[in-house]
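Notes follow the structure.
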Amino acid sequence: MSSFQIFVNKLVSVAFAVLLIPFSVLTHGIDLISAGERTDTAKTNIVGVGAYFRSQGITTDGDTLFFSSKTTLIQTEADAKTVINANYSAIPDELAEKYGIKHIGGLSYYNGFIYAGLEDSKVWDYPIVGVYDAGTLELVDYYILDCETVTRGLPWVCVNPENGLLYCTDHSKQPTKLLVYNTADGMKPAGEIPLSQTVAAIQGAEFYGGIIYAASNDETQAIYTINPSDGSVEKLTDRCLTQFSEGEGMTIMIKGGKPVIIAMDMGPLFINAFVREYDVIEGVIK
């Protein structure tokens, strides 16, 4: 690339950033409406096209972040802004044409791969676990789950890093149990665990310390803990987003020697996405 082309690209980037300033100010202002009720300790506001690419799921390999939109995957630095890899056509034609897949939901990183919930949205005939290479963001395998067991799509999945078991729920809106699958054995069913209470509209989840942390889009966009050994559920914190915002996925990173929940939400105008931090997990990494 010539020096002139580099100069033009930088000029375009600066001009685009300037155009987004009013939208950034507007969305920050709207977010302040309910700020007093929230427990987030930090937030990053992504405005414009970038918000679309960070609108569904999120996971981490410990150093970087991976985001999904309905049809894309991107990888960023830990700042959630700096894009270092992208797949803008993350649903292959085979899945789109043969099974009607048109939606990537929650993500979970495990052993060099990203596991994603894929859906034939609003049809619910083909709940699919997609497996993506974390280095290339390309789909390398997929597994079709039983739609009579997974009854309303697959908005989230999470993998236990200790044993490779994948977890989801039987119903996306009013689940009654955890479903368990073995990633090392062709996603073979490995058990069912009744929940002590319904966790409505889970959008994303991750394991930490043997416990599932699940972000919802219920009335307060709460984050819950689920014990996979007995299905017991407890509310951890309410996100209390501004009215008409939508709670999305979450992951957990170690920052300053402590586990921090990184959770996403779309603003009420759907022109921005917030990536928020919640310091609500007990424990210090030594």
Item to check | Electrostatic pair R38:D40 at N-O distance under 4.0 angstrom | outcome: yes
Next on the checklist: Contact between S232 and I226 at the side-chain level, heavy atoms closer than 4.5 Å - yes or no?
Outcome noted: no
Next on the checklist: Is there a side chain to side chain donor-acceptor pair (under 3.5 Å) between W156 and S108? Walk through the geometry before answering.
Outcome noted: CA-CA 9 Å; W156 71 278; S108 188; over 6 Å; no
Item to check | side-chain contact (heavy atoms from CB on, under 4.5 Å) evaluation trace for K102 with T71 | outcome: CA-CA 7 Å; K102 56 184 177 182; T71 59; 5.7 Å; no
Next on the checklist: Any donor-acceptor pair under 3.5 Å linking the side-chain atoms of Y224 with those of D218?
Outcome noted: yes
Checklist entry - Just by distance, with hydrogens left out, do T39 and T237 show a side-chain donor and acceptor under 3.5 Å apart? => result yes
Next on the checklist: Any heavy-atom pair between the side chains of Y208 and I254 that's under 4.5 Å?
Outcome noted: yes
Next on the checklist: Using the ring-ring contact (aromatic ring centres under 6.0 Å, His included) criterion, which residues pair with F270? Sequence neighbours excluded.
Outcome noted: none
Checklist entry - Judged by modelled atom types alone, do T251 and T60 share a side-chain donor-acceptor pair under 3.5 Å? => result no
Next on the checklist: Return the CD1 to OG distance between I104 and S55, rounded to the nearest 0.5 Å.
Outcome noted: 10.0 Å
Checklist entry - Does some side-chain heavy atom of V131 sit less than 4.5 Å from a side-chain heavy atom of Y143? => result yes
Next on the checklist: If only side-chain N and O atoms count, and only distance matters, is there a donor-acceptor pair under 3.5 Å linking S172 with W124?
Outcome noted: no
Item to check | Step-by-step ring pair (Phe, Tyr, Trp, His ring centres under 6.0 Å) determination, F207 to Y167 | outcome: CA-CA 10 Å; F207 265 87; Y167 291 74; 5.2 Å; yes
Checklist entry - So, do M264 and F67 sit near enough that their side-chain heavy atoms are less than 4.5 Å apart? => result yes
Next on the checklist: Is there a side-chain contact between I223 and S216 in this structure, where contact means two heavy atoms from C-beta onward sitting under 4.5 Å apart?
Outcome noted: no
Checklist entry - Are Y213 and V280 close enough that some pair of their side-chain heavy atoms sits under 4.5 Å apart? => result no
Checklist entry - Do F53 and Y88 make the cut of ring centroids closer than 6.0 angstrom? => result yes
Checklist entry - Heavy atoms, side chains only, cut-off 4.5 Å: are R276 and D31 in contact? => result yes
Item to check | Sidechain N-carboxylate O distance under 4.0 Å for D265, R239 | outcome: no
Item to check | Check against side chain to side chain donor-acceptor pair (under 3.5 Å), N87 and T72 | outcome: CA-CA 6 Å; N87 181 352; T72 68; over 6 Å; no
Checklist outcome for this item: Distance col, row F274:CZ vs K43:NZ, nearest 0.5 angstrom, shows 4.5 Å
Next on the checklist: Does either side chain, that of E77 or that of T64, offer a donor lying less than 3.5 Å from an acceptor on the other one?
Outcome noted: no
Item to check | T76/T82 under side chain to side chain donor-acceptor pair (under 3.5 Å): CA gap, chis, key distance, verdict | outcome: CA-CA 5 Å; T76 75; T82 307; over 6 Å; no
Checklist entry - Under the salt bridge (Lys or Arg N to Asp or Glu O under 4.0 Å) criterion, do E277 and K255 qualify, and how do the steps go? => result CA-CA 10 Å; E277 297 184 8; K255 293 194 171 186; 2.5 Å; yes
Next on the checklist: T59 vs Y110, test: side-chain contact (heavy atoms from CB on, under 4.5 Å). Steps then yes/no.
Outcome noted: CA-CA 10 Å; T59 192; Y110 172 64; over 6 Å; no
Next on the checklist: Counting C-beta onward and ignoring hydrogens, is there a side-chain heavy-atom pair between I281 and I252 closer than 4.5 Å?
Outcome noted: yes
Next on the checklist: Are F113 and L166 connected into the same hydrophobic cluster when the rule is that any two of I, L, V, M, F, W, Y join if their side-chain heavy atoms are below 4.5 Å apart?
Outcome noted: yes
Item to check | side-chain contact (heavy atoms from CB on, under 4.5 Å) evaluation trace for L154 with L118 | outcome: CA-CA 6 Å; L154 197 60; L118 308 181; over 6 Å; no
Checklist entry - Does a side-chain N-to-carboxylate-O contact under 4.0 Å join R54 and E248? => result no
Item to check | Neighbour count >12 (heavy atoms, 6.0 Å) for atom CD, E234 | outcome: no
Next on the checklist: side-chain contact (heavy atoms from CB on, under 4.5 Å), that's the test. Do Q75 and D61 meet it? Break it down for me.
Outcome noted: CA-CA 10 Å; Q75 181 184 14; D61 59 6; 4.1 Å; yes
Checklist entry - What distance do D230 atom CG and S196 atom OG have between them, rounded to the nearest 0.5 Å? => result 7.5 Å
Checklist entry - How are the rings of Y142 and Y99 set relative to one another: parallel (under 30°), tilted (30 to 60°) or perpendicular (over 60°)? => result perpendicular
